[in-house]
2 protein chains.
Amino acid sequence: MATRTGEPPGEDPVSPTCDATSTRSDPARRLLAAADELFFRQGARATTVREITGACGLTPGALYNHFSSKEDLVYELVVHRHRRLDEEVTAAIELAGPDPGDRLSAMVSVFVLTHVRGRRGARVANREYRDLTAARLDEVVAIRRRLRDRLVEILLDGEAKGVFSLPGGKGRPAAVIAAAAILDMCVHGSEWLTEVGTFSLEELEAQYVTMARRLVSAPGVRPAGRRLRRSGRA
Amino acid sequence: MATRTGEPPGEDPVSPTCDATSTRSDPARRLLAAADELFFRQGARATTVREITGACGLTPGALYNHFSSKEDLVYELVVHRHRRLDEEVTAAIELAGPDPGDRLSAMVSVFVLTHVRGRRGARVANREYRDLTAARLDEVVAIRRRLRDRLVEILLDGEAKGVFSLPGGKGRPAAVIAAAAILDMCVHGSEWLTEVGTFSLEELEAQYVTMARRLVSAPGVRPAGRRLRRSGRA
DNA sequence: TATATCTATAAACGCTTGTTCAGGCAACGG
DNA sequence: CCGTTGCCTGAACAAGCGTTTATAGATATA
């Protein structure tokens with residue numbers, strides 16, 4: 001269990017400020033933290049219950065005093081991150097005010113900060129949610145779709161107000177593709193970080209905001225909105 | 001084995017024009033095709049040898065007359081797609097000529113066409129390569145890195161020639177992030193397609209090319225290069 | 001002190017996994 | 001014609017999986 005290369009050392013195993021973990025007993029938290037690290041490294045499917053409990057100095061059966069199943073553990077790790085991101089995006093958009101440009105910048109900022117600061121958690125959430133079953137899968141998929149749709153609405157609003165000039169022309173389908181492109185680059189960008197070298201959080205945030213705003217602005221036409229203002233740390 | 005929703009019906013199970021399959025015996029090809037479909041739907045790890053052979057009307061042991069292991073089967077499916085994409089990108093860049101803008105467009109076009117036309121194969125290649133081990137993993141990772149580096153070189157070249165104005169400023173690190181963003185949106189975009197609705201291949205290609213070129217062009221400054229060639233109706 | 005509640009263990013459960021192997025059937029070359 | 005080769009079956013393998021159970025030691029409440 002030595003420290004890993006390329007991982008921010010102080011990263012919260014499972015954000016301790018959240019109910020999902022703060023209300024948990026200590027062994028449960030340790031199990032979540034151990035599972036988180038193992039899932040990050042090997043994937044949830046390749047990680048055994050014996051590895052998780054063993055990392056906490058426990059025997060396999062002990063896990064079932066705290067979680068009803070292994071999938072339940074995955075679910076807690078995954079859904080918590082999704083709910084939190086959803087809340088942060090909602091708050092950031094609200095705080096950004098009515099201008100579509102500001103809202104786009106705010107949303108991108110939240111995504112970048114979340115995914116870069118919490119790289120381990122982000123990878124686990126984004127990779128392992130697919131293995132969930134039935135209602136649990138539906139819940140996570142619904143959150144993801146809602147996040148995307150919120151961005152689509154921002155883009156369509158900006159286009160209607162003449163602030164954006166979306167690639168692919170007017171209309172919802174083109175806006176969905178543009179939104180997917182923006183989200184994809186934010187969500188998956190953190191996976192490249194080990195190869196990028198040193199980069200401050202602020203630089204990354206600024207670059208991604210720039211890229212997102214370029215995506216929705218036609219070159220040769222100076223965008224109408226004000227310049228992007230620094231959205232406080234989400 | 002009913003036809004699946006959201007899947008192009010005529011998609012090649014494993015492109016028959018390639019050596020990897022054309023030199024293979026008929027049962028081997030059928031196994032590859034069955035595995036491809038199952039991997040696409042469930043992931044390779046969740047697919048059992050019994051499912052693959054059963055889909056071909058064979059018993060589990062029969063697989064080992066054609067492949068040395070299950071991983072070997074995954075490897076063939078995955079590495080073949082990577083090699084082919086690599087070749088196509090090389091050819092397209094060559095054919096595009098010296099202009100960085102044209103080269104960027106060409107590379108994006110290849111990525112979009114490959115990933116949209118061969119959605120099943122693209123998903124399998126992009127999702128399952130991580131489970132490979134040792135030399136096989138190294139080989140695929142090397143191809144992926146080479147693809148990205150080729151794009152980085154194009155971006156840096158364009159910036160040096162004054163054709164591009166990269167987000168995040170000058171220098172290689174910023175170029176790497178921009179390249180990663182472009183590749184991420186191309187690679188993962190095809191996963192959203194079922195929700196986008198009807199879209200012609202040409203429209204998709206044009207939109208992604210537009211998005212990529214916007215990413216490397218500062219708004220308010222008309223790009224120096226010629227307009228993008230063959231940018232069908234957008 | 002007695003009782004109830006947690007939490008852990010050790011062992012086993014039933015099941016599935018990828019893989020192997022002896023045997024048999026068909027096709028083909030000389 | 002025989003013998004070799006290629007492909008497949010049926011059965012089995014050992015290992016590993018997630019999970020359950022009986023039991024026991026703590027801890028806290030009364």
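All chains are named by letter (A, B, ...) in the order of the sequence lines, taking the proteins before the strands, and each is independently numbered beginning at 1.
Among the atoms of the strands shown, only primed sugar atoms or phosphate atoms (P, OP1, OP2) are found under 4.0 Å from some heavy atom of B/Thr48. Using a 4.0 Å heavy-atom cutoff across all strands shown, A/Thr53 reaches no nucleic acid atom at all. Within the nucleic acid shown, B/Leu58 comes within 4.0 Å of sugar-phosphate atoms alone, with no base atom in reach, counting heavy atoms only. Across all strands shown, A/Ser68 has no heavy atoms under 4.0 Å from either base or sugar-phosphate atoms.
When the C1' atom of D/dG16 is taken as reference, atom CD of A/Glu51 falls 12 Å away, rounded to whole Å. Rounded to an integer number of Å, the gap from A/Leu38 CG to D/dG18 P is 12 Å. Going from atom CZ of B/Phe67 over to atom C1' of C/dT20 covers 18 Å, rounded to whole Å. The CZ atom of B/Arg45 sits 13 Å away from the P atom of C/dT17 (whole-angstrom rounding). To the nearest angstrom, P of D/dG6 lies 18 Å from CG of B/Leu31. We find that CG of A/Asn65 is positioned 9 Å from P of C/dT9, with the value rounded to whole Å. Between the CZ atom of A/Arg29 and the P atom of C/dT7 there is a distance of 13 Å, given to the nearest Å. Rounded to a whole Å, the CG atom of B/Leu63 is 8 Å from the P atom of C/dT19.
Between B/His66 and D/dG6 there is no side-chain polar atom (N or O) within less than 4.0 angstrom of OP1 or OP2.
Here the rule is side chain to side chain donor-acceptor pair (under 3.5 Å) with A/Asn126, and of A/His82, A/Glu191, A/His115 only A/His115 fits it. Partner of A/Glu37 under the salt bridge (Lys or Arg N to Asp or Glu O under 4.0 Å) criterion, out of A/Arg119, A/Arg120, A/Arg123, A/Arg30: A/Arg120 alone.
Distances from the side chain of B/Val49 to the nucleotides D/dG10, C/dT19, C/dA8 place C/dT19 closest. Closest to the B/Pro27 side chain, of the nucleotides C/dT9, D/dC8, C/dG18, is D/dC8. Relative to the side chain of B/Tyr64, the nucleotides C/dA10, C/dT19, D/dC7 differ in distance, and C/dT19 lies closest.
Distance OG1/B/Thr47 to CZ/B/Arg41: 9.0 Å, rounded to 0.5 Å. Interatomic distance, B/Ile177 CD1 to B/Leu166 CG, rounded to the nearest 0.5 Å: 11.5 Å.
No donor-acceptor contact under 3.5 Å links the side chain of A/Arg50 to the base of D/dG16.
Residue A/Gly57 is the one, among A/Gly57 and B/Pro60, whose nearest nucleotide of DNA chain C lies closer to the 5' end (criterion: closest heavy atom).
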- Message: Please evaluate residues A/Tyr129 and A/Val141 with respect to the criterion side-chain contact (heavy atoms from CB on, under 4.5 Å), reporting the C-alpha separation (whole Å), side-chain torsions for both, the decisive distance (0.1 Å), and the verdict.
- Response: CA-CA 8 Å; A/Tyr129 81 94; A/Val141 167; 4.2 Å; yes
